Amino acid sequence: MLLLYPKFIELFYQLQVEDDDKIGLYSYKVQSTITSRLANTMIQAKMVNNAKRPQHIVFDVQVPKGAFIDNFTMDVNGITFTSSIREKSEARRMYSQAKAKGKAAGIVRSNALDMENFKTEVNVPPGTRIQFELHYQEMIRRKLSSYEHVISLKPGRLAKHMEVDVRIIEPQGIRYVHVPNSLGDHFNGITTISKGEKKAHISFKPTMAQQRKCPTCSSTAVDGNFVVQYDVNRESTGGELEIFNGYFIHFFAPENLDPLPKNILFVIDVSGSMWGLKMKQTIEAMKAILSELRAADQFSLIDFNHNVRCWRDNLVSATPAQVEDAKKYIQTIHPNGGTNINEALLRATFILNEAQNLGMLDPNSVSMIVLVSDGDPTVGELKLTTIQKNVKQSIKDEFSLFCLGIGFDVDYDFLQRIATDNRGMAQRIFGNQETSAQMKRFYNQVSTPLLKKIQFNYPQESVSDVTQSSFHNYFGGSEIVVAGKVDTANLQHLESVVTATAANAELVMETLRDVEELDGFMKKDKYADPEFTRKLWAYLTVNQMLAERNTAPTAALKRNITKSILQMSLDHHIVTPFTSMLIENSEKDEIMLADQPKDPRRGCCSGQCLRPPHYLSPPVSAVSINRVDNDPHFIIYLPKSQRNICFNINSDPGHILNLVSDPSTGVVVNGQLIGAKKEENKKLNTYFGKFGFYFKNKGLKVEIDTETITLKDGSYSIMLSWSDTGHIIRKQLLISVKKESNVTIRVGEEMSFMVLLHRVWKNHPVNVDFLGIYIPPENQFSPEAQGLIGQFTSEPEVYIYNQRPGQTPKKPQATMEVKGNKLTVTRGLQKDYRTNRVFGTDVQCWFVHNSGKGFIDGHYKDYLVSHLYSFLKEP
């Protein structure tokens, strides 16, 4: 099966396989060419299945957000799969007609900061050689006076040949190139850098011996980010015009200007969810940020939970005494209560508006609000679109809003919209030990305004389709980029005029460039991308339209923008939210589909991932899971012996059975039984009607019954019904509900659970609605885990022999030795309802009679607990 998930690109690469020792990675290459800030990157992995059985291989690549995936190929034993970009509905129609066998592809959001994953899964026979190759493009943005190209290297295993090759071609001239030691001291001296006037080459080729964690280790030390930093020469304050192939790119990053004074309001979330490390790190960062305010700056602080408090009701000058007083105030904050984002932002805009109306703001100053929050609104105005509208009306066109979203409980998509709508930007940061450093780095990007009211002007008769040309502010260390089409056939020179307000003057900056100036340079360099101007223009245009669509005031305008984005995506062969990547073989009878994720919240598992309904190659995935379904039938998968062992539990309605009890990880899973409406054949069938999940270390409880799904965090609770399709995220726990189908719970990368809903006819005389649960054996429970399923985290030795005819011809019997017991077991079929909730998929297993006696520890009654969130008592 093959999954795809779209665009985002600090490169992360990972291979996951079922048999770690039998998959050979014999080549792993990353090649990246940067032409005038446009990075074209290729990731290639070559593998072979050395096992004697089919293997499930996963190719998982993380790419920085904002990058566009534009090509993917896969070669399986000489059979080549190539990609094309299609409109989403057309792609899904084609996919449904020819789903690839044993393959899947997808693009999903990642847990990593501003990352998305491209992921492919392939089930391959023994001896198969397979090659994956992914291409993407991105514009490298300048931050803090440096361009930074980040490649996250996590191959997961030793590679016989490993190579990272980065080439930089900058017609402006390269000022410096630096490769920090981000992979650790283990790789000192391996990276080579060759720098010329306008070109540079960086190479990283560790041998297999150098990749090893230690001389005798079989694991790789390549696990981190490979980072290339550089900057370019700048001679003209009016910026650099680069013209080639009918397009122009204008890079603008003036230096040696006095900073503009700023009026800044810090709006800090101090609700209960900020308690602990997040608040400690925020206080540390704010104290450092306050120390960096300049004497000409004015500032104030607002902290909010369900209430809003102001350190000062007006702006004050950043004198040493005021700064110290503000630091003391910050130190006294104690998080508690709810989150009233609307009132906090409106209070901040009121203070700035009042100061402006009273003439307290320097006409040349820059005003901004910096919001720091880790969650959604829970008090006051809760509707995000209303908050966005209120803030827009209050700010008007006077100030900028910058948003810092801490962790994954916050609706980062909302923060992006509200910041973009108000001439600012948003950044997601982790709620961990790095929070303070990330906050300070973000602040440093906006702490030095050098210009305001910047306007780019070009001769209207010579240029067309120009990207955004008017900007509110320019901050030191950044760069403004404008692009457009230019009529080079009827033009010898292109002139630009940039006007802006500086600290002490109104500036007019002119630049003149020969339209053929770059031709000779580009044609001589074999590595330079001849399409770099076209790609940069398309990159800027599509991203600009995506931002405009987010803030479009009418549905009609949004539809028109969507049509334009779709056409651009198809014309330039890139994956966007409105296109999908089809991956197909030459006969076009096997197709895989890659969609962009729709979930704005976070990162794992919520992308549009269209899989084949079942594996037509060896069904590894169909059997390798622990499950309880129907009347409750338990199926335990034993990975080492690759066997399914089944048993039933016959207990009474209302009883609660413990499935997982793991005090070490603080995880409990319990299920409560319900009965059928009446007996059949003098037996009352029972089913699971309710599941309780308790994640003690997070303080979270999840209750799922046949009507609702509820998340509880102390006094806070949120509920979804089975008629919804949606997501709940809290403390890095993700609950995804698929309408009238299933619920998936994911706890970081460590654990996942799926609950299936079985509906019956309302007026059925006997049957009732019930639930089934599916728990992957890969879940990282501790060796101390107990419960009807949890005890098999430590897999027992199982021997099955003396197979013989049973009482029924199709159900042979055998002897099974396990845990010192000899049991008579019967071969039979159980059902996996994940892919077909009506009829299920047959799964072969050895059935243990008498409620699993001899296979489970003790008696099934030992697993009865008193409450839905109770741990199992120690024996």
Side-chain angles (χ1 to χ4, degrees), residues 1-4 13-29 43-61 72-82 98-106 119-134 155-162 208 211 218-220 583-587 589-592 611-625 637-645 776-778 795 797-800 803 827 832 835 841-846:
M1 118 183 188
L2 179 56
L3 316 168
L4 282 184
Y13 173 88
Q14 185 178 15
L15 297 174
Q16 301 169 0
V17 294
E18 291 190 342
D19 188 337
D20 240 15
D21 298 324
K22 297 298 176 68
I23 296 294
L25 175 61
Y26 59 93
S27 178
Y28 168 48
K29 290 183 181 179
I43 311 117
Q44 182 191 82
K46 296 180 180 180
M47 287 162 282
V48 60
N49 179 11
N50 292 317
K52 295 180 180 180
R53 61 182 178 86
Q55 292 276 52
H56 200 55
I57 299 176
V58 179
F59 171 72
D60 193 348
V61 180
F72 174 75
T73 60
M74 182 175 73
D75 187 286
V76 184
N77 269 359
I79 299 173
T80 300
F81 288 75
T82 57
K99 299 171 185 174
K101 304 177 186 70
K103 307 173 183 71
K119 183 176 182 181
T120 63
E121 299 180 16
V122 184
N123 196 295
V124 297
T128 298
R129 287 179 175 267
I130 185 167
Q131 174 179 307
F132 300 101
E133 188 169 301
L134 178 71
R157 61 181 61 248
L158 298 171
K160 289 184 179 179
H161 174 76
M162 175 174 284
M208 186 174 280
Q211 294 171 46
S218 60
S219 55
T220 180
I583 303 164
E584 54 194 345
N585 61 357
S586 57
E587 288 77 22
D589 60 356
E590 287 197 79
I591 296 179
M592 295 151 281
R611 302 169 178 242
H614 59 280
Y615 291 107
L616 299 180
S617 53
V620 176
S621 205
V623 298
S624 55
I625 195 162
Y637 175 67
L638 303 177
K640 291 180 183 176
S641 58
Q642 296 185 30
R643 288 192 175 99
N644 287 306
I645 309 298
E778 296 83 9
E795 182 176 332
E797 294 288 342
V798 172
Y799 301 98
I800 298 176
Q803 186 169 325
R827 188 70 162 169
D832 182 335
T835 56
T841 302
D842 287 338
V843 176
Q844 287 193 333
C845 67
W846 287 104

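Just so it is clear, the structure is predicted and the values come from calculations on it, not from any experiment. Hydrogens, waters and symmetry mates play no part in the numbers below; they use all other heavy atoms, side chains included.
- To the nearest 0.5 Å, atoms NZ (Lys46) and NZ (Lys160) are separated by 13.0 Å.
- Scored by the side-chain hydrogen bond (donor to acceptor under 3.5 Å, both in side chains) test, Glu795 finds no partners at all (sequence neighbours excluded).
- To the nearest 0.5 angstrom, Thr128 atom OG1 is 11.5 Å from Met47 atom CE.
- Although no hydrogens or angles enter the test, the distance criterion places no donor-acceptor pair under 3.5 Å between the side chain of Asn49 and the main chain of Gly127.
- One N or O on the side chain of Gln211 and one on the backbone of Ala159 form a donor-acceptor pair closer than 3.5 Å.
- Residues Val122 and Met74 are in side-chain contact: their nearest non-hydrogen atoms beyond the backbone lie under 4.5 Å apart.
- Every residue meeting the side chain to side chain contact (heavy atoms under 4.5 Å, CB included) condition with Ser219, not counting sequence neighbours, appears here in chain and number order: Lys213, Cys217.
- Using a 4.5 Å heavy-atom cutoff, the side chains of Tyr26 and Arg129 are in contact.
- Scored by the side-chain hydrogen bond (donor to acceptor under 3.5 Å, both in side chains) test, Thr73 finds no partners at all (sequence neighbours excluded).
- By the 4.5 Å heavy-atom criterion applied to side chains, Asn644 and Gln844 are not counted as neighbours.
- Within the 4.5 Å cutoff, side-chain heavy atoms of Ile57 are placed close to those of Ile130.
- Formation of a donor-acceptor pair under 3.5 Å by the Arg157 side chain with backbone atoms of Ser218 is not found in this model.
- In this structure the side chain of Gln44 reaches within 4.5 angstrom of the side chain of Gln131, judged on heavy atoms.
- By the 4.5 Å heavy-atom criterion applied to side chains, Thr120 and Phe132 are counted as neighbours.
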